[in-house]
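For reference, the structure is listed below as structure tokens.
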Amino acid sequence: MRFPILLLTALFMFGSCNNADDDGAPSDSPVLKLRLQFDQNQERLNNLGQPATIPAGNAAQSPNVFGMAGHFIELVPTEFTPYRSGAIIYEGAEVPASNPNPFGFTSAIDFDRAIVAEDSEVFLEIPLDDIPAGSYNHIRVSLAYQNYEISYNLRDIPNVDDLLDQTGRVASFVGFNTQINSLQIADQSLDVNAPKLQGFWAFETQFSGTLSAFNQVLSGDAPTNATTVVNPFPNSPVPPGSCVVSGSLNRTLDITGDEMEDITLTLSFSVNQSFEWNDTNGNDEWDLYVENPSQSERVVDMGVRGLIGVVE
């Protein structure tokens, strides 16, 4: 049995951040423990931080997120604090890059040294002594990478008809610019060996049984400015072309310099219906067509839908 699976390259049209050692090495002094959380039930927000419903004619699903990486974390006293004027408690490694871009970026996130964390995993421990004393009410996180599973239907396959309720794995790069060498999506890998701007993606089909021989990796680039980047603070804008998500803490984080115990800060990201597409047939399922790729439903967004910092 054969069918033109390579046509998926034309179908997977997006329209819409390798583990490394922690930079914040544990010590005997109290630490701030940072962990990530991917919440499918957290409120779904738009770019301005307002509640967002699914527009008429679109549909969305909440992806099953396996890992995420942040590149920059900033504790912010007030909503008026300018970008990078708060307490920068983490910034990932970068390398020089000269790929053409409209934003003037001359560096790229070094993905080989990015910290990819699973749900609820502590990925950084920062000595509290290293954090400037102050009262912090908000947080900014520059996302670099997401890895998640989505479901879809593959329709009108010659000699097969339809394959329904399929799953695939997406590796989505949402950082401003990322140097990617070898990328492991799920079971398969892709050699990139280049810097890629926000919106680069790789997709691994995950057919099972006799169809597993047809599994492959596809890749491409989403259009510029197609990713939702939530910022509810209009008086403190973030750089265009980046994925600096802003949010509030559930309570004020007071750092005095006299702390005696560890503090845990959970960065809870909303993935509530964060994978969105134009639902042309109104069935609330993502449909891709092999025989006529122009019928395939275009994905219009892959960004996270909010950030809450939970101080424990």
Side-chain angles (χ1 to χ4, degrees), residues 4-23 36 63 65-72 90-118 123-124 141-150 167-207 212-227 229 239-244 275 299 302-304:
I5 191 64
L6 287 175
L7 282 176
L8 274 173
T9 303
L11 305 180
F12 202 80
M13 298 168 62
F14 285 97
S16 50
C17 275
N18 300 330
N19 292 332
D21 293 335
D22 291 355
D23 287 345
L36 302 181
V65 181
F66 292 94
M68 189 179 292
H71 177 64
F72 166 89
Y90 172 74
E91 192 158 12
E94 297 182 8
V95 294
S98 58
N99 50 324
N101 66 85
F103 307 108
F105 301 139
T106 58
S107 64
I109 297 166
D110 185 354
F111 184 60
D112 281 347
R113 291 189 281 172
I115 303 171
V116 180
E118 299 178 358
F123 70 101
L124 276 178
V141 180
S142 173
L143 290 179
Y145 170 76
Q146 301 178 73
N147 185 294
Y148 53 82
E149 184 179 76
I150 48 86
T167 59
R169 186 78 74 88
V170 179
S172 170
F173 288 83
V174 292
F176 66 96
N177 199 17
T178 307
Q179 173 64 40
I180 310 166
N181 296 320
S182 181
L183 169 63
Q184 186 78 28
I185 300 95
D187 298 320
Q188 301 191 53
S189 62
L190 176 69
D191 290 331
V192 180
N193 296 316
K196 294 291 185 178
L197 296 175
Q198 181 188 73
F200 177 77
W201 54 266
F203 175 70
E204 178 181 326
T205 61
Q206 294 186 301
F207 303 125
S212 61
F214 295 100
N215 280 325
Q216 63 181 271
V217 173
L218 314 170
S219 64
D221 297 276
T224 303
N225 296 325
T227 301
V229 181
S242 66
C243 195
V244 181
F275 188 86
V299 176
M302 298 183 294
V304 297

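In terms of heavy atoms, N147 sits closest to A171 at ND2-CB, 4.2 Å. Between T227 and G303 the shortest heavy-atom distance is CG2-CA, 3.5 Å. Closest of all the heavy-atom pairs between L36 and A117 is CD1-CB, 3.8 Å. The two residues P63 and I150 have their closest heavy-atom pair at CB-CG2, 4.1 Å. The shortest heavy-atom contact between Q146 and M302 is NE2-O, 3.4 Å. Here the closest heavy-atom approach between residue F207 and residue N215 is recorded as N-OD1, 2.7 Å.
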Open item on the list: Between W201 and L218, does the side chain to side chain contact (heavy atoms under 4.5 Å, CB included) criterion hold? Intermediate values first, please.
Closed with: CA-CA 8 Å; W201 54 266; L218 314 170; 4.3 Å; yes
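Rounded to the nearest 0.5 angstrom, N177 CG and Q198 CD are separated by 10.5 Å. Put simply, CZ on F111 and OG1 on T178 are 8.0 Å apart, with the number rounded to the nearest 0.5 Å. The CZ atom of F173 sits 13.0 Å away from the SG atom of C243 when rounded to the nearest 0.5 Å. Within the model, atoms CG of L183 and OG of S219 stand 9.0 Å from one another, a figure rounded to the nearest 0.5 Å.
Here T167 pairs with nothing under the side chain to side chain donor-acceptor pair (under 3.5 Å) rule; sequence neighbours left out. For N101, there are no side chain to side chain donor-acceptor pair (under 3.5 Å) partners at least two apart in sequence or on another chain. When the ring pair (Phe, Tyr, Trp, His ring centres under 6.0 Å) test is applied to F105, the partners found at least two apart in sequence or on another chain are F103, F176. Every residue meeting the side chain to side chain donor-acceptor pair (under 3.5 Å) condition with E94, not counting sequence neighbours, appears here in chain and number order: H71, S107.
No option in F203, F200, Y148 other than Y148 meets the side-chain contact (heavy atoms from CB on, under 4.5 Å) test with S172.
By the 4.5 Å heavy-atom criterion applied to side chains, N99 and L197 are counted as neighbours. At a threshold of 4.5 Å between non-hydrogen side-chain atoms, the residues V299 and F275 count as touching.
Of the possible polar contacts, one joining the T205 side chain to the Q216 backbone as a donor-acceptor pair under 3.5 Å is found. A distance-only check finds a donor-acceptor pair linking the side chain of S242 to the backbone of P239 [under 3.5 Å].
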Got a list of side-chain donor-acceptor pairs under 3.5 Å for residues 185-195, not counting sequence neighbours?
unit_1, atom_1, unit_2, atom_2, d
D191, OD1, S182, OG, 3.3

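Applying the salt bridge (Lys or Arg N to Asp or Glu O under 4.0 Å) definition to pairs two or more places apart or across chains, those involving residues 99-110 are D110-R113.
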